[in-house]
Amino acid sequence: DAMVIQNPRYQVTQFGKPVTLSCSQTLNHNVMYWYQQKSSQAPKLLFHYYDKDFNNEADTPDNFQSRRPNTSFCFLDIRSPGLGDAAMYLCATTLTGGYGYTFGSGTRLTVV
Amino acid sequence: AQSVTQLDSQVPVFEEAPVELRCNYSSSVSVYLFWYVQYPNQGLQLLLKYLSGSTLVKGINGFEAEFNKSQTSFHLRKPSVHISDTAEYFCAVSAQGGSEKLVFGKGTKLTVNP
């Protein structure tokens, strides 16, 4: 089945140690998003790719970066994770035209 | 810019009772409207969406929602809930055209009790 896959499902990292989360899709969607969701809160958009164009939200910390080497893959890099970065990170894709997002299952990041 | 208000943070109901989860939005441009469901430690799953046309939209798992342009509302309803409907529900809006970034409400926790 076509889908959005996030790896790993659970990630534990040390305070300050760089970590990379990955997302892949078989839907051939042109837009990909990374959201951060903290406990009992709505997802918050970090950035998105519209085709190859990268778009950073104004309030996304510099500590967060992203790469999209091709249509299928997208990575979220956290350069120096702090305790406040512990959250669920959600990847989503869509085709423009109101199709709605397809979300991956998320990666639960714990910072120790 | 768009914004979404979900008026109830928690809604407890008994099994087989009807439920309505309320959502209001604001936007200066035409929008698409969505409802998503999230089970614990899972991503979000699309329940239904309104793009245009008929204001009553039906989704998965017996849910439906009605778009009311004059009241800028998009309330979610189900006539008879099950224990398995216990989850977090998010209303979301995106502007038509462009990258269609989703703006989410804060969510409503639906708890279905036996």
- Query: If contact means a heavy atom pair closer than 4.5 Å, which residues of residues 36-49 of chain B contact chain A?
  - Reply: B:Tyr36, B:Gln38, B:Asn41, B:Gln42, B:Gly43, B:Leu44, B:Leu46, B:Lys49

- Query: Which of residues 107-114 of chain B have a heavy atom under 4.5 Å from any heavy atom of chain A?
  - Reply: none

- When rounded to the nearest 0.5 angstrom, what is the spacing between NZ in B:Lys106 and CD in A:Gln41? 8.5 Å

- Item | Shared hydrophobic cluster for A:Phe64 and A:Leu83 (ILVMFWY, side-chain gaps under 4.5 Å) | yes

- Task: For residues B:Phe90 and A:Pro43, report the shortest heavy-atom separation together with the two atoms involved.
- Result: CE2-CD, 4.0 Å

- Message: Membership question, hydrophobic clusters at under 4.5 Å side-chain separation (ILVMFWY): are A:Leu90 and A:Leu45 in the same one?
- Response: yes

- Would a hydrophobic clustering, with Ile, Leu, Val, Met, Phe, Trp and Tyr connected at side-chain separations under 4.5 Å, put B:Leu102 with B:Val93? no

- Item | Contacting region of A:Gln37 [heavy-atom separation from chain B under 4.5 Å] | side chain

- Message: Hydrophobic cluster membership, with links at side-chain heavy-atom distances under 4.5 Å among I/L/V/M/F/W/Y: are A:Tyr33 and A:Leu21 in one?
- Response: no

- Task: Kindly give the heavy-atom pair with the smallest separation between A:Ala42 and B:Gly105, and that separation in Å.
- Result: CB-O, 3.0 Å

- A:Tyr35/B:Phe104 aromatic ring centres below 6.0 Å: yes

- Does atom CG of A:Asp62 have more than 12 heavy-atom neighbours, drawn from other residues, nucleotides or ligands, at distances under 6.0 Å? no

- Find out if a path of hydrophobic residues (ILVMFWY) with successive side-chain heavy-atom gaps under 4.5 Å connects B:Leu33 to B:Leu7. no

- Task: Find the distance between NZ (B:Lys101) and OH (A:Tyr101) and round it off to the nearest 0.5 Å.
- Result: 8.5 Å

